[in-house]
Engineer: 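My questions will all concern the structure given below.
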Amino acid sequence: MSGWAPGGALVSNIEVTATTVQRGDVIQLGGRSCRVTDLFQLPQGAKQLLFESGELLTIHTWTRLAAVRVLRRR
């Protein structure tokens with residue numbers, strides 16, 4: 001599902017994995033919205049996500065998370 005954010009940007013609800021997660025994705029964890037600021041590749045396809053809050057989350061290849069992504073205008 002896509003929609004317009006208050007600033008006029010187009011946002012989309014997506015499912016992310018270790019392969020598809022990107023900087024700027026907002027992931028809902030425990031009722032909190034966490035924005036990904038950096039990604040670190042780990043062995044066997046896993047990734048470690050760094051959030052704006054400074055917290056880290058490691059996701060593996062089979063992990064699936066709901067996220068919101070701001071779509072860039074071209």
Side-chain angles (χ1 to χ4, degrees):
M1 178 177 173
S2 296
W4 291 98
L10 183 63
V11 295
S12 181
N13 293 320
I14 59 169
E15 181 179 86
V16 295
T17 65
T19 305
T20 61
V21 67
Q22 297 178 3
R23 284 178 186 87
D25 286 350
V26 178
I27 299 173
Q28 191 77 11
L29 296 170
R32 295 178 47 204
S33 296
C34 302
R35 183 178 306 274
V36 177
T37 58
D38 209 354
L39 305 162
F40 303 98
Q41 185 68 50
L42 300 175
Q44 300 172 346
K47 281 196 181 153
Q48 192 171 56
L49 312 180
L50 174 64
F51 297 115
E52 284 181 339
S53 63
E55 296 170 297
L56 294 169
L57 175 69
T58 301
I59 60 174
H60 299 276
T61 55
W62 62 84
T63 304
R64 306 243 182 281
L65 299 169
V68 174
R69 181 173 291 163
V70 176
L71 303 175
R72 312 254 186 258
R73 289 189 184 177
R74 294 179 190 238

Engineer: Excluding sequence neighbours, so at least two apart, what forms side-chain hydrogen bond (donor to acceptor under 3.5 Å, both in side chains) with R64?
Structural biologist: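 Partners of R64 by the side-chain hydrogen bond (donor to acceptor under 3.5 Å, both in side chains) criterion come out as none, since no residue qualifies.
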
Engineer: Hydrophobic side-chain clustering at under 4.5 Å (ILVMFWY, transitive links): who's grouped with L50? Put none if nobody.
Structural biologist: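 Once heavy-atom contacts under 4.5 Å are chained together, L50 belongs with F40, L56.
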
Engineer: Scan residues 37-47 for pairs that pass salt bridge (charged side-chain N to carboxylate O under 4.0 Å, His left out), counting only residues two or more places apart or in two chains.
Structural biologist: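 Residue pairs passing salt bridge (charged side-chain N to carboxylate O under 4.0 Å, His left out), neighbours aside: R23-D38.
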
Engineer: Which pairs pass salt bridge (charged side-chain N to carboxylate O under 4.0 Å, His left out) with one or both residues in residues 26-35, sequence neighbours excluded?
Structural biologist: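 Listed by first then second residue: R32-E55, R35-E52.
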
Engineer: Looking at every heavy atom in both A18 and G45, which two are closest together, and how far apart are they?
Structural biologist: CB-O, 3.4 Å

Engineer: What residues, two or more places apart in sequence or in another chain, satisfy side-chain contact (heavy atoms from CB on, under 4.5 Å) together with A46?
Structural biologist: L42, H60

Engineer: List for me each residue that meets side-chain hydrogen bond (donor to acceptor under 3.5 Å, both in side chains) alongside T19, sequence neighbours excluded, and say none if there are none.
Structural biologist: none

Engineer: What do you reckon, is CD of Q44 surrounded by more than 12 foreign heavy atoms closer than 6.0 Å?
Structural biologist: no

Engineer: Checking T20 now: which residues fulfil side-chain hydrogen bond (donor to acceptor under 3.5 Å, both in side chains) with it, not counting sequence neighbours?
Structural biologist: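 side-chain hydrogen bond (donor to acceptor under 3.5 Å, both in side chains) list for T20, sorted by chain: T17.
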
Engineer: Under the rule for side-chain contact (heavy atoms from CB on, under 4.5 Å), what residues qualify as partners of T61, not counting sequence neighbours?
Structural biologist: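 In terms of side-chain contact (heavy atoms from CB on, under 4.5 Å), with neighbours along the sequence ignored, T61 is linked to no residue.
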
Engineer: With sequence neighbours left out, what residues match Q22 under side-chain contact (heavy atoms from CB on, under 4.5 Å)?
Structural biologist: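 Result, side-chain contact (heavy atoms from CB on, under 4.5 Å) vs Q22: D25, R69.
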
Engineer: Identify, with sequence neighbours excluded, every residue that meets side-chain hydrogen bond (donor to acceptor under 3.5 Å, both in side chains) alongside Q28.
Structural biologist: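 S33.
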
Engineer: So, using side-chain contact (heavy atoms from CB on, under 4.5 Å) as the criterion, who are the partners of L57 when residues are at least two apart?
Structural biologist: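 Listed in chain order: L29, L49, F51, I59, L65.
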
